[in-house]
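Okay, so here's the structure we're looking at.
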Amino acid sequence: MVKIVNCALAGLLASLPVHSFAAWELNMPVGVTELSRRIHALHMLIFWICVVIAIAVFGAMIYSIVKFRRSQGAVPASFDHSTRAEIIWTIIPIVILVAMAVPAAATLVRIEDTRNSDLTVKVTGYQWRWHYEYLDQKVAFFSTLARESNAARQLRSGVDPKTVTNYLLDVDHPLVVPVGKKVRVLLTAGDVIHAWWVPAFGMKKDAIPGFVNELWFRADQTGIYRGQCAELCGRDHGFMPVVVDVRSQEDYDSWLKEQQAGAPTAQAAGTAPATAE
Amino acid sequence: MSIANHQAAVPAHAHHDDHAHDHHGPDKGWRRWVLATNHKDIGTMYLLFSLLMFFVGGTMAMVIRAELFKPGLQLVDPMFFNSMTTMHALIMIFGAVMPAFVGLANWMIPLQIGAPDMALPRMNNFSFWILPFAFSLLLGTLLVPGGAPAGGWTMYPPLSLQVGPSFPMLIFAVHLMGASSIMGAINVIVTIMNMRAPGMSLLKMPMFVWSWLITAYLLIAVMPVLAGAVTMLLTDHYFGTTFFEAAGGGDPVMFQHIFWFFGHPEVYIMILPAFGIVSEIIPTFSRKKLFGYDSMVYAIASIAFLSFIVWAHHMFTVGMPLAGQLFFMLATMLIAVPTGVKVFNWTATMFKGSLSFEPPMLFALSFLFLFTIGGFSGLMLAIVPADFQYHDTYFVVAHFHYVLVPGAVFGIMAAVYYWLPKWTGHMYDMKLAKTHFWLSTIFVNVLFFPQHFLGLAGMPRRIPDYNTQFADWNMISSIGGFGFGLSQLLFAYIVFSTIRGGVKASDNVWDEAKVHGLEWTVSSPPPYHSFETPPEVK
Amino acid sequence: MAHAPTTTASDKYYVPHGSPWPIIGSVALFTTVGGAAMWLNHVNAGPWLVTAGLALLIFMFIGWFGVVIRESEGRLYNEAVDRSFRMGMMWFIFSEVMFFAGFFGALLYARQFSVPWLGGEGTKLLTAVVRGDNFEAAWPTNGPGQIGGEFTTIPAFGLPAINTAILLASGVTITIAHHALRAGQRQVLNLFLALTFLLGFLFVYLQATEYIEAYTHHNLKLSTGIYGSTFFPLTAFHGFHVTMGAIMLVVVWLRCLKGHFTPTHHFAFEGVAWYWHFVDVVWLGLFIFVYWL
Ligand code: HEA
Ligand code: HEA
Ligand code: CUA
Ligand SMILES: [Cu+2]
């Protein structure tokens, strides 16, 4: 299924003009976690089901529009209902919907299962930066929009965003996690509602003041994955990216040591300004 | 004093009305409009007001599209951008689409059911004249220190509590709009239930009347809930209540539940009358009776019923218990079934018909295709795990603009092109109208289709600036936006020039289409007081 | 007007021709809420504008209903018009029901979901753990933040029970009055109608004393966490509706004294009666879910 899909999309993409900098991205990228792949497959499944239905329905419409034109001397028939037909096109959609609901429910159950995780990070949203706290490792720091992006994004800054690497998707201190480990994220917020989202992990959840939400992911490739705050949280909602740096276990451990040794970054981050006005 | 006199005068004067309506023309000058109790005058005011608001809200949308034309902040401060988003939505929903439908109801329901006027003419005037004041209050927020509300049209606390002086203005504006819609809806229901011409049984009513009957019911059911929700915001902000504050035992998410209990039915309030309109137009220009009238009625009814039990599909990411997420997913998906029945029935109406493509039909067809596309994306959003990715991205923005712009708005435009000659007695310039149609249909897709791609690629909504990977589609979308906006100037031109004059339209405007329905039995334009003695319906 | 020819109940649906009252009403509403907005923003003109707006609103009601009453007594309304009024009133009451439903919904949500969750029940276990206090999810509560400090609640079987009895009694008296009107026994009608609104005002008075009691002896305030947030708005909005209903009853009573209404033709009376039963029912809901359980 997914294969066919990808080929199809590759085809679509290839058929588009591609500039030097252009990313004529058409579809949801396949992520680097089991969940994100399941979600992507689900997304493609419903997408294609809709395409098929669309072809059928629009086909019928276009046929009627072309075939029964008055200008072509079409004379109207007189039928105005058919119980059989109506029953059919009530039942078929129901069947299709069930076919969609089953895999969806299965995936959902999997997503909600946050048990036996290897690492727990508490994420707190503030206007407008994230605070990460490794509950058992006694490490905590703020993560704020990178200086370069922040300078460029000021009103009429004169800086061309295209010259900024990872414009608006870069932070001073990314969240660092080990590859292949089930990371449990506890979400809450200090002021207003925010939402923590990394597309490559297929996960998005609201960070709500006074309450704690949970999500989990297990990244199976090292690398840096970028997302954004996904709930309107005021003036700089567009400027509090989420960056996760997935490292090999060794790199992660050494990074952790560094932090626990009270590396400057931690304190620096602690006092980082919410936004550079 | 003068008013006291007026009071004294009323019975006698009204008494005389009673016998002399027929040669009772409209008042001269402003009194005709400000003191109006005539459903046609009030309908006209509603429609013109909504056109004005469509332009105001649209101009705000143009600001949004201009800022998003390319990455980087070129034009506005992020706060002002958020205000634009917020005001754009509130004005389009409460100022453009809903009043347009109420205006159509005012004009057409009495004509379609053979009633002399709306059931409660004075209240009818009240529900209209509240609106200009409500929107002055809302637009006034743009002028106060601290700026207009910027928390999104969904007004989620705690964020929505962070605005300054504009906050109570927003709340009270919403209260006024609510009061207006509730009175308007009561008027519609009572008119339909009480004033049908003899012989017009419920199941003989035109589909537009049916769709409005159910819409009015939805309005009365959910508008008060919205009023309650914003009242809670007000007390939380000024009087120390803690409905939406965890420290006091409340919950910010509680607001979202109450809001969406209103908000979801609200979106069907914005589409059901359009369904009704399309169900009038397609049979006319297919020269064939509507396919499956009864099931169309039941479909609307079941959509309305389901709309009360799906609200949390707007909140899948707030961390609901699993059972809740599953329930709301399934309930939401179910709505595809009655909606599908409608789409299929419309298609079956055209099948083996004899189609011609006047502007109303063109817009109805465009509605058929594009609304369905919006419906599909809606269905995708209903799939919880997938919504975890889609939620709060431009995919959602694409979804609801497809159902709202080529959905609701095209429905309204189709209705205008269908009935404008009846209202004014003039036929508009077909060529211009068709040009307007093609420009709108092409640009609306250039405007909103790329937003699907943006959303899937990961662009969040409600952001004034974005990473360069989103640059290309945003530029396309903005170009489409400007194109669509400018095309609407053509619409305004067509409407006003038709009001001023033009080729005389016959009584049953669409002669050779053999239109059915009482509205075509009166002259074009209809007499100031129509159906004073109810017609017989066989 | 009362002795206007009673036989002209015309076959035609009466459509008024122009009315100044709605626009006056719109201006009044605008002045009121505009003033309220200023007031909340500490603009001095605020209170004055609110007063002016409300005054204009009252003027509008008097004028508007005055016209309608005169038309009605002038027998300009046929059955159809009468039916429109009835249906209109019923749907208006339905909208009121939904307004209260919103607040009852908030109460239900707080008691069934948010408070237990804050106590760490169900899927929200960590909410309590992370907060790390020893907040017990129980009702009544003012939340983990103890907003408003220690408080006690109004016992259901004190004043509230008495108030319940009073409202139920008023429901009976108005029914008696209605039957009397149908039977044309004007004396009985006038007497029991008077009793009804007197009971109504008594209820409002007792509610007021209860509020004072709450503030002075129970430390129960509007700002007492979610309990105060639900208790006061619910009861206050209801009290407000009782007051409105009672005033409408007074108006109807005065009309009865003037000899208005006939055994068959008395929409105003019935409309108000329905309204009265509605506030009655809402109160039962309040008594059970706010005071008792
Ligand atoms: C006119 C307005 C309108 C209409 C009609 C709809 C119709 C639908 N909407 Fe939409 N929606 C909005 C306006 C509307 N919506 C708005 C404004 C928002 C955003 C609010 C905000 O956050 O600001 C929103 C958001 C929204 C969300 C939340 C997304 C998110 O924030 O994460 C969801 C999720 O379930 C959703 C679902 C649906 C569904 C399932 C339908 C269904 O009714 C669609 C049914 C129709 C079809 C399915 C097509 C025709 C059917 C067939 C051809 C039959 C065969 C088809 C199948 C069997 C698949 N909508
Ligand atoms: C019925 C409702 C409705 C309608 C008709 C529209 C119409 C349009 N909307 Fe709508 N929109 C919403 C309801 C609606 N919208 C809602 C509910 C939201 C969510 C808000 C939120 O997140 O809180 C939203 C949000 C929203 C966004 C996302 C903002 C964000 O997330 O930050 C965008 C961005 O492109 C957008 C664009 C448009 C455009 C281009 C139109 C066009 O169709 C408008 C076309 C009309 C005109 C342009 C006016 C007529 C022409 C003139 C005035 C002449 C001048 C024209 C030029 C100078 C070119 N809207
Ligand atoms: Cu934080 Cu949006
Ligand atoms: Cu919805």
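Chain A is the first sequence line, chain B the second, and so forth, proteins listed ahead of strands; every chain is numbered from 1.
- Most heavy-atom pairs under 4.5 Å with chain C: of the set B:Leu137, B:Ile189, B:Val225, B:Leu120, this distinction falls to B:Ile189.
- Only the side chain of B:Leu234 has a heavy atom closer than 4.5 Å to any heavy atom of chain C.
- For C:Asn134, the CG atom sits in a loose shell: 12 or fewer heavy atoms of surrounding residues, nucleotides or ligands are nearer than 6.0 Å.
- One distance of note links CE of B:Met123 with OG of C:Ser19; it measures 13.0 Å at 0.5 Å rounding.
- By the 4.5 Å heavy-atom criterion applied to side chains, C:Trp91 and B:Val188 are not counted as neighbours.
- Looking at heavy atoms from C-beta onward, C:Trp64 lies in side-chain contact with B:Phe126 at the 4.5 angstrom threshold.
- In this structure, B:Tyr528 and C:His17 have perpendicular ring planes: the angle between them is above 60°, well past the 30° mark.
- When C:Gly228, C:Gly119, C:Gly102, C:Ser223 are compared by the number of non-hydrogen pairs under 4.5 Å with chain B, C:Ser223 comes out ahead.
- Put simply, the side chain of C:Met98 does not reach to within 4.5 Å of the side chain of B:Phe262, judged on heavy atoms.
- For C:Tyr215, the OH atom counts as densely surrounded, since its 6.0 Å shell holds more than 12 non-hydrogen atoms of other residues, nucleotides or ligands.
- Neither the backbone nor the side chain of B:His237 has a heavy atom closer than 4.5 Å to any heavy atom of chain C.
- Note: C:Lys12 NZ to B:His529 NE2 = 10.0 Å, rounded to the nearest 0.5 Å.
- Within 6.0 Å of atom CH2 in C:Trp274, more than 12 heavy atoms from other residues, nucleotides or ligands are found, so the atom counts as buried in its surroundings.
- Residues C:Phe92 and B:Ile186 meet the side-chain proximity criterion, which asks for heavy atoms closer than 4.5 Å.
- With values rounded to the nearest 0.5 angstrom, B:Met183 atom CE is found 10.0 Å from C:Ser95 atom OG.
- Taking C:Gly105, C:Pro233, C:Ala101, C:Gly88 one by one and counting their heavy-atom pairs under 4.5 Å with chain B, the maximum is reached by C:Gly88.
- For B:Ile130, the parts sitting under 4.5 Å from any heavy atom of chain C are the backbone and the side chain alike.
- When C:Ile226, C:Val115, C:Thr224 are compared by the number of non-hydrogen pairs under 4.5 Å with chain B, C:Ile226 comes out ahead.
- No other option in B:His175, B:Met169, B:His257 has as many heavy-atom pairs under 4.5 Å with chain C as B:His257.
- Taking CD1 of C:Ile24 as the start and CG of B:Leu35 as the end, the distance is 9.0 Å to the nearest 0.5 Å.
- Contact of C:Met60 with chain B is made through the side chain alone, with heavy-atom distances under 4.5 Å.
- Only the side chain of B:Thr231 comes within less than 4.5 Å of a heavy atom of chain C; its backbone N, CA, C and O stay farther away.
- Counting heavy atoms from C-beta on, the side chains of B:Pro132 and C:Phe30 never come closer than 4.5 Å.
- A side chain to side chain contact (heavy atoms under 4.5 Å, CB included) with B:Phe172 is found for one member of C:Leu29, C:Leu40, C:Thr32 and no other, namely C:Leu40.
- Residue C:Trp39: no heavy atom, backbone or side chain, is found under 4.5 Å from chain B.
- If you take CG on B:Asn125 and OG on C:Ser26, they are separated by 7.0 Å, rounding to the nearest 0.5 Å.
- Inter-residue side-chain proximity for B:Asp251 and C:Tyr109 is flagged as met; some heavy-atom pair is nearer than 4.5 Å.
- Between C:Asn41 and B:Tyr238, the closest side-chain pair of non-hydrogen atoms falls below 4.5 Å.
- Of all heavy-atom pairs spanning C:Ser114 and B:Gly250, the tightest one is CB-O, 3.9 Å.
- If you take CD1 on C:Ile23 and CZ on B:Arg31, they are separated by 12.5 Å, rounding to the nearest 0.5 Å.
- Looking at C:Leu222, both its backbone and its side chain come within 4.5 Å of chain B, counting heavy atoms on both sides.
- Only the side chain of B:Met195 has a heavy atom closer than 4.5 Å to any heavy atom of chain C.
- A donor-acceptor pair is defined here as one N or O able to donate and one able to accept, closer than 3.5 Å; such a pair exists between the side chain of C:Ser229 and the backbone of B:Thr242.
- If you tally non-hydrogen atom pairs under 4.5 Å between each of B:Ala173, B:Ala221, B:Pro121, B:Pro116 and chain C, the highest count goes to B:Ala221.
- Between chain C and the options B:Thr241, B:Thr37, B:Asn194, the largest number of non-hydrogen pairs under 4.5 Å is found for B:Asn194.
- With a 4.5 angstrom heavy-atom cutoff, B:Phe243 touches chain C via backbone and side-chain atoms both.
- Of the listed residues (B:Gly228, B:Ala216, B:Ala227), the one with the most heavy-atom contacts under 4.5 Å to chain C is B:Gly228.
- Among the candidates C:Pro22, C:Gly143, C:Gly145, the residue making the largest number of heavy-atom pairs closer than 4.5 Å to chain B is C:Pro22.
- Across every non-hydrogen atom of B:Gly249 and C:Pro144, the tightest pair is N-CD, 4.1 Å.
- The part of C:Gln146 that comes within reach of chain B is its backbone (N, CA, C, O), which places non-hydrogen atoms under 4.5 angstrom from that chain.
- Aromatic ring orientation, C:Phe94 versus B:Tyr217: parallel (interplanar angle below 30°, classes split at 30° and 60°).
- Residue B:Ile258 touches chain C through its side chain alone, counting heavy-atom pairs closer than 4.5 Å.
- Heavy atoms of C:Ala137 lying under 4.5 Å from chain B are absent altogether.
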